[in-house]
Each structure stands twice: as structure tokens, then as C-alpha cells.
Amino acid sequence: MRKIVLLATILVSACLFSRAAAPDYKADVIIYGGTSAAITAAVQAHKMGRTVIVVSPDKHMGGLSSGGLGFTDTGNKSVIGGLARDFYHRIWLHYQQPAAWNWQQQVEYGNKGQGTPAMDGTERTMWIFEPHVAEQVFEDYIRENDIKVYRDEWLDREQRVKKKDGKIQSITTLSGHTYSGKVFIDATYEGDLMAAAGVSYTTGREAVATYGESWNGVQTGVLHHGHHFKQNISPYRIPGDPNSGLLPRVSGEDPGEKGAADKKLQAYCFRMCLTDNPANRIALPKPEGYDSTQYELLVRVLDSGWNEVFNKFDPIPNHKTDVNNHGPFSFDNIGMNYDYPDASYERRKEIIHEHEVYQQGLLYFLAHDARVPAAIQRRMQTWGLSADEFRDNHNWPHQLYIREARRMKGMHVMTQQAVLGEVPVPQSIGMGSYTLDAHNAQRYVKKDGYVQNEGDIGVDIKEPYQVSYGSILPQQQECSNLLVPVCLSASHIAYGSIRMEPVFMILGQSAATAAVLAINGNKAVQEVNYEQLKAQLEKDHQRLSAPPQK
């Protein structure tokens with residue numbers, strides 16, 4: 001018994017020593033996250049003369065922008081300014097170098113994805129790129145601005161955000177390191193710092209009545225984009241026989257009433273960088289745990305005559321592609337992410353792994369299963385993972401596409417009406433312009449006994465819209481020195497437009513600008529003078545309103 005007590009004492013002492021020995025870090029601005037918003041925020045804080053530290057759970061900087069989403073969703077490019085535009089200008093500069101074209105002639109790729117120049121010929125942009133090129137641009141920002149980045153540092157979400165008088169004093173990571181600052185920015189896709197700091201948030205979909213919207217909540221019967229079953233497909237193991245049980249990846253639950261709120265999330269997937277160049281191609285792997293029965297529903301879709309497997313193999317330079325979801329049964333892993341936002345790190349790893357097995361298995365299935373039409377199978381066999389991408393992760397993307405997780409309940413809620421230009425938006429800090437876009441949230445059985453997807457929305461926007469400063473601010477009584485540019489305050493359907501990587505970069509820069517002004521004025525972030533903020537943003541080429549129509 002004495003040995004046990006002695007051993008326990010030694011272990012506790014060692015743990016305390018380890019925590020005590022772990023260095024504490026201080027800066028004016030502490031940014032949690034490794035996304036594109038995190039890096040633009042860090043650059044802006046540095047340029048405004050403040051010390052900044054990026055505390056990132058990720059090893060690779062840039063989030064989805066460097067994690068496979070190379071075919072950028074932009075909308076109206078004229079309203080993308082500031083550091084976001086500089087990022088895409090640097091991408092253009094990279095592809096002007098002959099050395100950038102190691103697997104393809106530049107003339108063969110042409111000018112795809114390139115923006116038109118400004119009147120003086122400057123600011124040429126390119127919106128399509130390889131993942132490793134984007135990551136290098138983010139690393140260049142870090143190096144050029146001498147930004148301190150601590151990688152693989154995971155916030156201790158259990159009682160390790162220290163607050164006093166409504167302000168965050170410090171955050172501590174699982175390694176025991178503590179980071180103290182004057183203002184904090186949560187630039188994660190998940191909103192972990194926001195949640196741990198006690199800031200109110202929501203997940204899932206609001207009812208249409210909550211904000212008077214039409215495209216929120218359950219959307220049964222709405223068939224947009226083509227990501228739905230166009231033919232009658234039986235979801236049962238024995239077609240037409242409910243007693244035989246459901247096929248995998250079909251829910252037996254009632255989908256809910258149209259327009260009702262729920263806690264379901266639009267589906268996640270990996271944006272894959274594949275290549276058809278044999279010299280740079282790695283054969284599609286058969287994942288451990290592969291189960292061909294998971295794709296039985298796809299067999300029935302293919303048997304119905306559907307032939308759009310390759311419709312979202314969007315070409316990026318050097319004979320590569322950014323592959324996204326397309327069709328009724330594709331790379332979106334519908335219904336498998338509902339618990340992700342509030343899940344533990346271990347549970348999130350399980351969810352991410354399940355998505356990886358599903359998506360790799362789907363690729364392998366299409367390339368090798370005898371039930372796949374021969375023409376599709378032969379074509380899929382020409383594709384493989386890019387050997388020069390994601391080299392430390394078996395050439396698989398290091399970032400799951402977290403299309404939506406937590407959303408803050410902040411000072412101002414961006415809604416469908418704001419995005420569609422039906423109501424004015426106060427205190428603009430940037431602009432969005434992409435379609436009201438949400439992916440499917442569930443796959444269910446209709447009353448007629450056939451399968452259908454639900455949640456896919458695509459509503460065009462006539463004009464670019466402004467994003468409110470209040471949408472990145474918590475309620476002041478909850479936290480007065482935190483800004484949230486990614487998991488910002490918006491309804492589910494409004495977030496479907498805002499959640500684009502260029503907008504995250506824009507909002508990251510604007511959040512850092514506000515953070516510095518709050519520090520300079522010794523004010524809460526909610527008390528920053530908007531006219532000063534606006535002046536600084538415009539000075540730094542942020543675009544706060546749409547250009548006049550010609």
C-alpha cells in the first residue's frame with residue numbers, strides 16, 4: 001500500500017512539475033486555430049504593430065484552402081479585397097513561374113481560374129490552385145511577418161480558459177502551455193475557444209419562423225443542385241420489401257416537418273486532390289475496414305442510368321483535380337457528423353476516420369467492384385492520389401471539410417434576408433456574394449417507400465452583401481475580448497453563403513483590425529469605434545460595399 005501511495009505521489013509531483021515547467025507565452029493578440037482566417041488575422045495584427053501568437057491544433061496552416069479546396073468558391077470576385085485578394089494574387093504570381101508547371105505545360109492549362117487585372121494592370125489573381133501551393137503562401141506570410149506559430153497545440157476545453165470580469169486572461173493547451181493575451185480570436189472551424197469561454201452558440205438548423213426565413217429548417221420536397229434521387233430507388237435490402245431492413249446509410253427516422261428546426265448538420269467530406277498523370281499517381285488505396293456493402297445504394301443509382309460520377313472532378317493545375325460531392329450518393333457522408341461540433345477530441349478523430357474510410361472505400365469501390373459499369377470503372381482507374389500532395393498523411397487531405405459546426409449567438413445575427421439584400425446590414429467589415437448553399441443533412445425514406453436526400457439548398461444571390469461587425473462579436477456580458485470570424489453569428493442558411501474561404505480570410509483580417517483598435521483604446525471589442533474600424537479597413541483595401549454598377 002505504501003508503494004502505491006509513493007508511486008501516486010511521484011506521478012502527481014511529476015505532473016505538477018511538467019505543468020510548472022511548461023513555458024507561458026504572452027502576446028497582445030492570441031489567435032486559436034490554423035485556418036486561412038487565423039493566418040490573415042495574424043498578419044494584420046502584426047502589420048498594425050501588435051505582438052501576435054497563433055496557437056494551432058493543426059500542423060498545416062490554411063485549413064481547407066491548403067487542405068484540398070483548390071477550386072475556390074468565390075461568387076463576385078470584385079468584393080474580395082485586402083489580404084484575401086493578396087493571397088490569390090500570390091497564387092497567380094506562383095503560376096507565372098515556369099518551375100510551377102512540373103506536370104503540365106502552362107499553355108495547356110490556359111487561363112482557367114484567373115481574375116481580370118485592375119485598371120493599372122496590378123492585382124492579377126488566380127482562384128484555382130494545388131494544395132501545397134496554397135500552404136506555401138500561408139507559410140510565406142508566417143515567415144515574412146515573423147509570426148510565432150505553435151502547432152499541434154490543442155485547447156484544454158475543460159476549465160482551462162481563464163476568465164476574469166468577462167475577459168479571457170489566458171488559455172491552456174493539453175501540453176500544459178499557457179497563452180496570455182489582451183484580445184483573443186477564435187479562428188477554428190469548430191468554435192472550441194468560443195464555447196470553452198462560455199459564449200452562447202447554436203448548432204443545426206433553425207425553424208423558418210425563428211428569423212422569418214424560408215430556406216432554413218427541414219427542407220423535405222426541395223430538390224436543388226441535382227444532389228438528390230431523380231429516379232425511384234428502393235432503400236431496402238430486398239427492393240420493395242420493408243421487412244428486409246434498410247440498406248446502409250439510409251435513416252429510418254422521420255425527417256421532420258418542413259420548416260422545422262433540428263440538430264442535423266449538412267454533410268462533411270474531404271476535398272480530394274487526385275491526378276491522372278501516371279508519373280505522379282498513387283493507386284487508390286483499399287482502406288482498412290473496407291466494406292463494399294456500404295455502397296449498395298450507389299449500385300442501384302448506377303443501374304438506374306445515372307452517369308455523373310465525374311461531374312465535380314474540377315481541374316486544377318498540373319493534371320490534378322479538386323474532387324467534391326456530386327449526385328445522390330457521392331462523397332458527402334450524409335448523416336454521420338451530427339455529434340461532431342460538441343464531441344470530444346477522441347470522438348472527433350473517430351468521425352474523421354469514419355469519413356476517410358467511407359470516402360477512400362467509395363473511390364476503391366468505383367475502381368474495382370464488378371457491379372460498377374465498365375466505362376466508369378475504367379475511367380476511375382486512371383485516377384489516383386497525387387504523390388506530391390499531403391506527403392506526411394499518405395497523400396490524403398489533412399483537413400476534413402467542416403462545412404458547418406457551431407455558430408455563435410452574437411451581437412448581430414446574419415440572416416437569409418441580409419444575404420439576399422432584403423434588409424440593411426449595419427457596420428460592414430467585409431462582403432460575401434456566394435449562393436445560399438447547404439449540402440444534404442439526411443437521407444430518409446419517403447412515405448411512398450423510396451429513398452430521398454434532404455437539406456440541399458442552392459439559391460442565387462443577385463448582389464453582393466455586407467457582413468456585420470456585430471456578427472463576429474459575442475454578447476459583451478459573455479466575453480468582452482473575443483472575436484469569432486469563422487463560427488460567426490448567423491442562421492444556418494445565411495452561414496451557407498458566408499462560409500467560403502475568401503470570406504473567412506476577409507473576416508479574419510477585419511477581426512484582427514478590431515482587436516488592435518480595442519487594445520489601442522483600452523476598450524472592449526464591442527466598444528470599438530466603427531468609424532475608426534472602417535477607416536482602417538478601407539486603408540488596408542478591405543472592400544466594405546459593392547462597387548457602383550456601370
Side-chain angles (χ1 to χ4, degrees), residues 23-56 61 81-84 86-87 138-151 153 155 161-171 173 177-188 193-194 197 427 429-430 469 472-474 476 479-486 488 504-542:
D24 292 345
Y25 302 102
K26 294 183 179 180
D28 294 324
V29 181
I30 304 294
I31 300 168
Y32 184 61
T35 62
S36 59
I39 303 308
T40 55
V43 171
Q44 181 67 15
H46 172 78
K47 287 183 177 295
M48 292 182 69
R50 287 292 175 172
T51 57
V52 59
I53 290 175
V54 174
V55 183
S56 173
M61 297 298 101
L83 290 171
D86 181 73
F87 172 84
F138 289 118
E139 293 294 343
D140 288 344
Y141 280 135
I142 292 167
R143 174 182 49 79
E144 292 167 10
N145 295 280
D146 195 25
I147 294 168
K148 294 179 180 178
V149 179
Y150 295 91
R151 305 170 196 244
E153 280 284 87
L155 177 67
V161 175
K162 183 180 177 182
K163 289 178 70 178
K164 182 180 180 181
D165 298 328
K167 297 177 67 175
I168 301 173
Q169 303 294 304
S170 65
I171 63 174
T173 55
H177 296 160
T178 296
Y179 301 86
S180 302
K182 298 175 181 177
V183 174
F184 291 75
I185 297 175
D186 184 340
T188 62
L193 175 54
M194 170 189 73
Q427 300 185 338
I429 56 168
Y469 179 45
I472 67 170
L473 296 175
Q476 188 165 348
C479 193
S480 61
N481 68 333
L482 174 68
L483 298 116
V484 185
V486 177
L488 74 161
F504 286 155
M505 293 187 213
I506 290 167
L507 298 181
Q509 180 180 0
S510 295
T513 304
V516 173
L517 293 178
I519 294 170
N520 291 348
N522 193 27
K523 295 179 178 179
V525 292
Q526 293 85 358
E527 297 171 347
V528 168
N529 181 283
Y530 176 68
E531 291 305 317
Q532 289 183 333
L533 175 60
K534 178 182 178 182
Q536 184 66 50
L537 292 176
E538 290 178 338
K539 177 183 176 183
D540 293 327
H541 309 292
Q542 202 73 290

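- For the pair Gln542 (side chain) and Ile506 (backbone), a donor-acceptor distance under 3.5 Å is present.
- Between Gly181 and Ile30, the shortest heavy-atom distance links the atoms CA-CG1, 3.8 Å.
- Lys148 and Glu153 are not joined by a salt bridge, as no carboxylate oxygen comes within less than 4.0 angstrom of a charged side-chain nitrogen.
- Rounded to the nearest 0.5 angstrom, Ile429 CD1 and Gln509 CD are separated by 10.5 Å.
- Closest heavy-atom contact between Ala42 and Val52: O-CG1, 3.7 Å.
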Full working for ring pair (Phe, Tyr, Trp, His ring centres under 6.0 Å) between Tyr150 and Tyr179: CA-CA 10 Å; Tyr150 295 91; Tyr179 301 86; 5.6 Å; yes
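- The backbone N or O of Glu531 sits less than 3.5 Å from a side-chain atom of Asn529, completing a donor-acceptor pair.
- Put simply, the residue from Gln532, Gln44, Gln536, Lys47 that forms a side chain to side chain donor-acceptor pair (under 3.5 Å) with Thr513 is Gln44.
- Between the side chain of Gln169 and the backbone N or O of Ser180, no donor-acceptor pair lies under 3.5 Å.
- Closest heavy-atom contact between Pro485 and Gly508: CB-N, 3.9 Å.
- Summarising the geometry of Ala514 relative to Leu483, their closest heavy-atom pair is CB-CD2, 4.0 Å, with the distance given to 0.1 Å.
- Closest approach of Ile168 and Ala197 over heavy atoms only: CD1-CB, 3.9 Å.
- Judged by distance alone, with hydrogens and angles left aside, the side-chain atoms of Tyr469 form no donor-acceptor pair with the main-chain N or O of Lys534 at under 3.5 Å.
- At least one donor-acceptor pair under 3.5 Å links the side chain of Thr35 to the backbone N or O of Ala187.
- Counting non-hydrogen atoms of neighbouring residues, nucleotides and ligands closer than 6.0 angstrom, the NZ atom of Lys163 exceeds 12 such neighbours.
- With hydrogens and angles ignored, the 3.5 Å screen pairs a side-chain donor or acceptor of Asp186 with a backbone N or O of Leu193.
- Side chain of Asp28 to main chain of Arg50: no donor-acceptor pair is present (N/O by atom type, distance under 3.5 Å, no hydrogens or angles).
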